Each structure stands twice: as C-alpha cells, then as structure tokens.
Amino acid sequence: MLGVCRGRRKFLAASLTLLCIPAITWLYLFAGSFEDGKPVSLSPLEAQPHSPRYTASSQRERESLEVRVREVEEENRALRRQLSLAQGRSPSHRRGNHSKTYSMEEGTGDSENLRAGIVAGNSSECGQQPVVEKCETIHVAIVCAGYNASRDVVTLVKSVLFHRRNPLHFHLIADSIAEQILATLFQTWMVPAVRVDFYNADELKSEVSWIPNKHYSGIYGLMKLVLTKTLPANLERVIVLDTDITFATDIAELWAVFHKFKGQQVLGLVENQSDWYLGNLWKNHRPWPALGRGYNTGVILLLLDKLRKMKWEQMWRLTAERELMGMLSTSLADQDIFNAVIKQNPFLVYQLPCFWNVQLSDHTRSEQCYRDVSDLKVIHWNSPKKLRVKNKHVEFFRNLYLTFLEYDGNLLRRELFGCPSETDVNSENLQKQLSELDEDDLCYEFRRERFTVHRTHLYFLHYEYEPASDNTDVTLVAQLSMDRKSVIQLDLANTKKAMIVPAFETLRYRLSFPKSKAELLSMLDMGTLFTFRYHVWTKGHAPTNFAKWRTATTPYRVEWEADFEPYVVVRRDCPEYDRRFVGFGWNKVAHIMELDAQEYEFIVLPNAYMIHMPHAPSFDITKFRSNKQYRICLKTLKEEFQQDMSRRYGFAALKYLTAENNS
C-alpha cells in the first residue's frame, strides 16, 4: 500500500510540475521582455537596427532568452514522457479479464486525445493532430450480401459522403444480388472522386464455411477475417465497416488515427460496450475468450501489410480451431475470433476512443461513452432489432439515421475542390450534352431533364427464378393480378401486341379490393368505383370501350385515338418512353403513339383490371396547373416530338398531327 501511495505522490508531483512549468516559463518570458520597464520585441522582423535601444547587449539577451525557451520546451517533452510511463504503469489500466470503466481518454479535445493514446500504449505530443493529405484516397471495406444489406449500406455510404473531403475507394465484398444492385447504383449515381470495386463473396465461402456460426449475419459475418487475402496485395491499410453504421463526422478523422499506431499494433478497435465477454449476462453464459470487455468489430482499422507479414491467416485459423474444440460455434461471428486472437496477442491492438463506435446493442453500456462525450462520431446499430432497439436515447440516434436514409443522394454529386477525379466516359458525355443546351431557353429545365441520369437503386425480393421454356415470362411493373392464359393465347412473345389493362378509380382512401370482375361491376354500379379519370380526362381511357368490356369474355382489339394513355403489358423490347417528357404530361400519351407508329395492336384484356387509389397531388401536376410557362414548354415539347415522329415514320405519322389538330 505504501508503494502505491509513493507512486501516486510521484505521479501527482509530475502532474503539478507539468502544469507549473508553462506558467513559470511565461512569467520568465514576460519579465525578460521588458527593459527599463518597457517592452522589447523578441521578433527579428520587428527589430530596429538603427534605434539607440537596439544594442549588442539586448541582442545577446534576446538570443540567450530564445535558448532558454528551447530548453524549457525540451524539459516539458521529457516530463510528458515520464507522465506517459507513470500512467502506463497505473494499476487501473492493466490489461486482463476484468471490467473497465470508461474514463477520460474517451472524451474529445487535445488532452483527451493524449490520454487515449496513453491508454492504447502510445506516447503523444500535446495538441499534436495527425493530418490526412488533401487528396489522399481513403479506402473502406464493407461486407454486403443480399438485398436488405444493400439498402443498409447505401445509408452508410450517404453518411460518409455527406461529411467527406477526400477521395474514397470502396471495396465491397458482395454476393451476386448485392453486386447487381450496388453496381447499378454507383454507375447511375456518378459521384466524383469515388471508386468502387467488387469482390465475389461466394468465392470466399470455402475460406470460412468450416466455422459453425450462430450469429444472424450467417457465413458473411465471418468474411472480415479473410480481408488480407481478398483485398489487393498492394493495399496497405483499410477501414472496415459493418453495414449498420452511421457516420456523424468526416471519415478522414478516423483514417488519420493510423498515424498513431506504434510497434506491432495492426488493429484499431473500440472496446465492446456491453458485458457480453464478461460472461455475466445470464446463468451459464459462456462467451469466447476476450481481453476484459473485449472489442467490437463493427469498426476496424486494419494495417494489411503488417498483418500479412505476421501471417494473420495462420494466426486466426489456429486460434479458431483451438477454441472451437470447446466452444463448438461462434456466437458473434468474426468478433469472437478477433477477440480470441487479441486475448493471446494484446500488443496487436490500438484501442480507439469509444466515440468511434457507439454501440446500440440490446445490453449496451454505451451511455457511459456519450454521457461524457458530446462529439459522437460513429453510431452502430449492432442489435438484430436495429432501429427498434430499446434505448432511452434511441429517438435521437434514430433521427440521425433517418436523416441519411431519406437524404437525396443526388445532392452528394459534388466535386472535391482541387482533387481531380478519374475520367468517366459517361459523365463526360453527359457534360458535353448539357453544355450544348441554351441556358437562356425558357424550357431549359425540361431539356436538361432529358439528359439527366437518375440515381437508380434496384430493390427486389429473393426468388429462385427459372425462365419459362416457351418464353412467356411476365414481369409485373405494378401491383395487379394477371392471367397468363392471355400471354400464350395472344402469342405475345412473337407478335407486336400491347395488352390493355382497363383502369378504374375510387375516391375512397380505404377500399376492399374486388376479388372478381363481377364484384367490380357491382361496385361500379353502386358508385364505389368509376372508370379512370372519367370526370377529368375522358379522352385518356375512352378508347378502351368500357361498355364493351362489361360483357366481354374474350380479348378484343381497339384503335388508337388522340390522347389515348392506357396501362399496357408489352414485351420488354418495346420502344422506351421519350425522355423529354418528365414530370406531368404526355409521357404515356407519347409512348402509346410510338407503339401505334410501330404497328403494335392494342388488345383489351376482358378479365384483368386495376384500380387507382386517391393520393395528394404531385409537385409536378401542381406546377402544370399553376405555372403558365410550364404549360407553354409542354406544348413546345409536344410539337417537337410530333416533328420527330414525322421524320422517323414519314407519311404514316401524318394522322397524329391531324388528330391533334382536331382534338
């Protein structure tokens, strides 16, 4: 006990000395900067050689004073090193299987950064902040598999892009579903200074499939273990993130922490913020071995080059094989194996401050982190319940997540000033087309939209698809029921036919959808349903001939008429919509006109129907109704479209112009 007290007295004396030296130094400087009660400048730029006060004596005093300042600074550095060693030997910071309380090293500011470095086994200069070069590329690796994970990762990416000031290179370990979705997303997103590479997760399954895993992430939750083999051999360092992460700061701040790694430190991790690895959550709870509370692997800094030299692959495999003999399976996927390795090799870890991974798990103690830290940097939804996790502050964190979930990704297409992007052919062509437009044209916004590449995020449910042998597959692009006997009967695969689905509408926000045509006709007679837009835009669907449809039992043909815009089922190789018509007006009308010009037959289906439900007016229809210039531009675009039709189809297109003039 006496030894401990002496150690504390030495520690206190060193602390007081460190605090007092700067004060004494500045008193000395302040007193020494006066001569005869008047201040003397210490800056060579302010010296006055021709002044009588500028003497050889004062010059020597100034030089002597500068030497003394440098000596005091060296003494300060020595005291800091002693203070670091004293804290490093402090019993409260020894490693081992015990509960560690969150202390001041997890705060913010220079002093907190200094303490965090000490706890991690590093000495640090006071106020020294590692910097990231202006255009230095930051590498981020994410394991992403399935359609749900692809949605989560987009929210993560948006939060990173929102704060970033550096080029980014995403390394996505993805299965075929996620790669299809995310490749389309990034190709259409066209964010400057962002590169994306994909690595086939299915090819990595054999590397980890031998490990039994109970975690909900399944086999993909183990793939961070093989990143040293998966990522390019020339990649030296990477930030590894789970998909359920939200950034609240510039990721460059985290990248800069790599500069603090010392010695054999190759993993940057935040301590686990629950009692999971302490083994006291419930009776007979038996977790994998870990150092104290263990570490959470939702955010990892990996020094890949050093890990490869240490034979990381062999290290984690041997550890996993040994522990699985007793544990039989992992409960927290890769995190269990990382912690078991760290338990045997604690020198591998640089402990990140808690704010780099605030964990909102079911048994979280993260409040002990953000209670003391106002500048949270990374939020981790590491509970299977995700946004529904029970936490008294969850509303605050949920709002942060929802902000990026709903954020318009197009707003993130901003250039990084002074950082050249890689040449993108699609982007260059787009810029060339846009530059040819006349910005003084009153319809410029309409014409610009024609060339706009819209950010596209595919989303679909998993389905084991097998193409039909007779080539009669149908993709439903709306929520409706469709009888395939029609597809085969009308030989849709080999003929030019557009099958019309009669459209109806209701003014009620709640409706029991009719289960048969007979039930629909009954609702039509009772006034619960109406033919679509009969009271606003009759011409749009009148050619469907609803009177004939009521009694029809077989498909029947109808002719094109001006302003006809039915909902149709067509082959996927049909003409596309004309991209000049965006917003409200003439998009479907122009498409049906194009189908007619290409000699498609319009066939009404006798037993199919769809119902339009009421909703608030769109922004574009509001502009159409209130803005005269909007209507003028739409009329101009219609005339240009008809002129294009005449050039493409010649005399056959004359009927469209005639019909328009007569309508």
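The model shown is predicted, which means the values in this text are computed figures rather than measured ones. Quick note: numbers below take in every heavy atom, side chains included, and nothing from hydrogens, waters or symmetry partners. One is the number of the first residue; the rest follow in order along the sequence.
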Under 30°, 30 to 60°, or over 60°: which ring-plane class applies to Trp381 and Phe397, parallel, tilted or perpendicular?
perpendicular
Return the [atom1] to [atom2] distance between [X] and [Y], rounded to the nearest 0.5 Å.
X      : Y      : atom1 : atom2 : result
Asn296 : Cys354 : CG    : SG    : 12.0 Å
Asn213 : Leu332 : CG    : CG    : 8.5 Å
Leu185 : Met190 : CG    : CE    : 12.0 Å
Ile379 : Asp244 : CD1   : CG    : 11.5 Å
Leu458 : Thr188 : CG    : OG1   : 8.0 Å
Lys377 : Glu253 : NZ    : CD    : 4.0 Å

Are more than 12 heavy atoms from other residues, nucleotides or ligands located less than 6.0 Å from atom CD of Glu133?
no
So do [Y] and [X] actually touch side chain to side chain, heavy atoms under 4.5 Å?
X      : Y      : answer
Asp275 : Arg293 : yes
His171 : Leu235 : yes
Leu172 : Cys144 : no
Gln273 : Glu367 : no
Val270 : Val299 : no
Gln335 : Asn339 : yes
Glu313 : Arg308 : no
His169 : Ile138 : no

For the pair [X] and [Y], find out whether any cationic side-chain nitrogen is under 4.0 Å from an anionic carboxylate oxygen.
X      : Y      : value
Arg455 : Asp408 : no
Asp334 : Lys224 : yes
Glu321 : Arg317 : no

Please check this pair: side chain of Arg413 against backbone of Trp189, looking for a donor-acceptor N/O pair closer than 3.5 Å.
yes
Looking at every heavy atom in both Asp242 and Leu156, which two are closest together, and how far apart are they?
O-CD2, 3.5 Å
Taking all non-hydrogen atoms of both residues into account, name the closest pair between Trp210 and Ala320 and its distance.
CH2-CB, 3.8 Å
Quick check: Trp356 with Tyr295 (ring centres under 6.0 Å apart)?
no
Apply ring pair (Phe, Tyr, Trp, His ring centres under 6.0 Å) to the pair Trp312 and Phe338, showing each step before the final yes or no.
CA-CA 11 Å; Trp312 168 252; Phe338 269 103; 5.4 Å; yes
Would you mind telling me which of Val240, Val238, Val226 makes a side chain to side chain contact (heavy atoms under 4.5 Å, CB included) with Leu231?
Val238
Apply ring pair (Phe, Tyr, Trp, His ring centres under 6.0 Å) to Phe404 and Phe162, showing your working.
CA-CA 9 Å; Phe404 291 111; Phe162 181 83; 5.5 Å; yes
